[in-house]
Amino acid sequence: MSGSAAGRIVVVGAGLAGIRAVQALRSQGFTGLIVVFEAASELPCDRPPLSKQILSGEWHASEAPGLLSPVELEDLDLDLRLGRAVRSVDLEAGMVTDDRGERTSYGGLLIATGAHANVMSVFDRAGTYPIRDLGDSIRLRSALGRASRVAIIGAGVLGVEVASAARDLDLAVTLIDVSPAPMASSLGLEMGRRIADLVESNGVSLICGSSVERVELAEREAGASLWLSSGQSLQADVIVSAAGASAATGWLDGSGFEVADGVVCDAYSKAAKGVYACGDVARWMHPEFGSMRAQHWSNAAEQGIAAATNLYLELQGLEHERRPYEPVPYFWSDHFGCRLQAVGHPQVADETVAVKEDENGTLLLVYLLEGRPVAAAGYRCARAIARCKALIPRASNLRALLEGLDMDLPSSAGLSHRQHACRKHEATFGFVDRCAAKLLEREQREIRTRISECGDSLRLDRLQIAALRAEQWKGINRDWSPTRLAPTITHPSAMDDHS
Ligand SMILES: Cc1cc2nc3c(=O)[nH]c(=O)nc-3n(C[C@H](O)[C@H](O)[C@H](O)COP(=O)(O)OP(=O)(O)OC[C@H]3O[C@@H](n4cnc5c(N)ncnc54)[C@H](O)[C@@H]3O)c2cc1C
């Protein structure tokens, strides 16, 4: 292909997904011009160490690993435009406009703009520390060095890692989340409870099922007071905002793309003719499990390659050779001296089985959907998790998966029907979050109908939390908190009082 617009590919975002995409284009023989826009003035570093080695001080900031060596960068022969954010796309003309007003035409466009750390509205005026890039990590590290009490909002992967780093510095740490347990929305309650035990046994004060209602900053950086929906209050010198990250799509407003918590793509990661998206910014249609957006290192790397490959095939008129993007996702998190690993799609599971668990902290949970393994997660079981990545797409039931792992069926596999039912209900976290994310009246009605049909107190607890979260997110009843209401609801009809 030539240097004309038709032979030019524009990549927006030079994070992991963008860089893996350009590497894939070159390795597959694309010889045309690749223009890479990156809003930051330097190439971003690899992000995982930012909440681990860099934050804990184990590595100096200058040791933050890059995504490419200088030689690799040169070999890619890019037109790299650092410090240049793209502001809009003209789909019809095949052009992007950057923040200097300069227009650049393209034959193919890759959207790889990642995500921005969420800052809850309650903190609009109060200073909090997000953690997304190297600057954030350096600032937080320095603030922790001056602090004695830290409050972390959000007990997901980042919140738990920051809690671990802060405990290493011997700080008093409070970890707060609206979910019933840490990482419950991604890994379910069974795993969440075990993570809660780990967190608390390392001296962290954990407050779950509660959100921050109000923050008051003291004068001259003398800390802040936080009031929670549970009625508790606490003091902190540093507040860390680890409440997730939103897809960086603002620059696409008005450009004609469908955006719904990510750039909406089809199964090939295609967002429009000649336009593909990858990494944290992309919401694509998984052929089996439906619409999803993943914010993990391995997804950014794999989808970067997949999207670039499909784009290049389309540009060559070989659309029929494109392949749907159907990964077996993988992520890890390091905290309190342990590595948590997860593979597959735990959020779609309806049952969780602990197939291995011992007093040394070894744990392997398998997630099932209608009896079929869809995910596995655990601590100190790296080899089994690696094998699960290959086995999960093929295993039709738990027994087949365990045979592949050379493991026996656990005694829990012989549980009574009632016990199984309980476990199943505990694993309905995916439903909880799906419900909470659907804020329309129609879904509210559906939740209530399902509750009234269900008549099971365990299921009711989960559904009730879902309904409460949906209400909270919608902002129509900010006083509701799962911890406050959970004990009061004993019968499905009780929901009617709160609807
Ligand atoms: C602190 C931290 C720790 C993590 N630890 C783990 C871990 O342990 N395990 C794991 O599996 N995952 C981890 N992750 C997640 C993983 O690192 C991310 O999923 C991955 O980096 C996403 O890559 P990306 O390229 O999609 O997005 P990003 O890395 O966000 O890159 C997007 C780039 O686009 C640029 N950009 C945005 N808008 C524009 C624009 N309009 N014009 C031009 N450029 C633009 C941004 O400046 C940015 O550099 C961690 C993430 C963070 C933040």
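Source: prediction; values computed, not measured. Order of appearance sets the numbers: ligands from 1, and atoms from 1 within every ligand.
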Residues forming a ring-ring contact (aromatic ring centres under 6.0 Å, His included) with Tyr379, sequence neighbours excluded: His335
Residues forming a ring-ring contact (aromatic ring centres under 6.0 Å, His included) with Phe257, sequence neighbours excluded: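 None.
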Note: Glu288-Arg372 ion pair, threshold 4.0 Å (strictly below):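 Looking at Arg372 together with Glu288, the answer is yes, because their closest N to O distance falls below 4.0 Å.
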Pairwise distance CE(Met407) to CG(Leu364) - rounded to 0.5 angstrom: 5.0 Å
What does the N/O contact table under 3.5 Å look like for ligand 1?
residue	atom	partner	partner atom	Å
ligand 1	5 (N)	Lys52	NZ	3.1
ligand 1	8 (O)	Lys52	NZ	2.6
ligand 1	8 (O)	Trp332	O	3.1
ligand 1	9 (N)	Trp332	O	2.9
ligand 1	11 (O)	Trp297	N	3.2
ligand 1	12 (N)	Trp297	N	3.2
ligand 1	19 (O)	Asp280	OD1	2.8
ligand 1	19 (O)	Asp280	OD2	3.4
ligand 1	19 (O)	His296	N	3.4
ligand 1	19 (O)	His296	O	3.4
ligand 1	25 (O)	Leu16	N	3.1
ligand 1	25 (O)	Ala17	N	2.9
ligand 1	26 (O)	Asp280	N	2.9
ligand 1	29 (O)	Arg47	NE	2.7
ligand 1	29 (O)	Arg47	NH2	3.2
ligand 1	30 (O)	Arg47	NH2	3.4
ligand 1	30 (O)	Arg132	NH2	2.8
ligand 1	41 (N)	Val86	O	3.0
ligand 1	42 (N)	Val86	N	2.9
ligand 1	44 (N)	Ala39	N	3.0
ligand 1	47 (O)	Glu38	OE2	2.6
ligand 1	49 (O)	Glu38	OE1	2.9
ligand 1	49 (O)	Glu38	OE2	3.0

Over 12 foreign heavy atoms within 6.0 Å of CD, Glu72: yes
Contacts of type side-chain contact (heavy atoms from CB on, under 4.5 Å), residue Pro130, not counting sequence neighbours: Ala117, Asp136
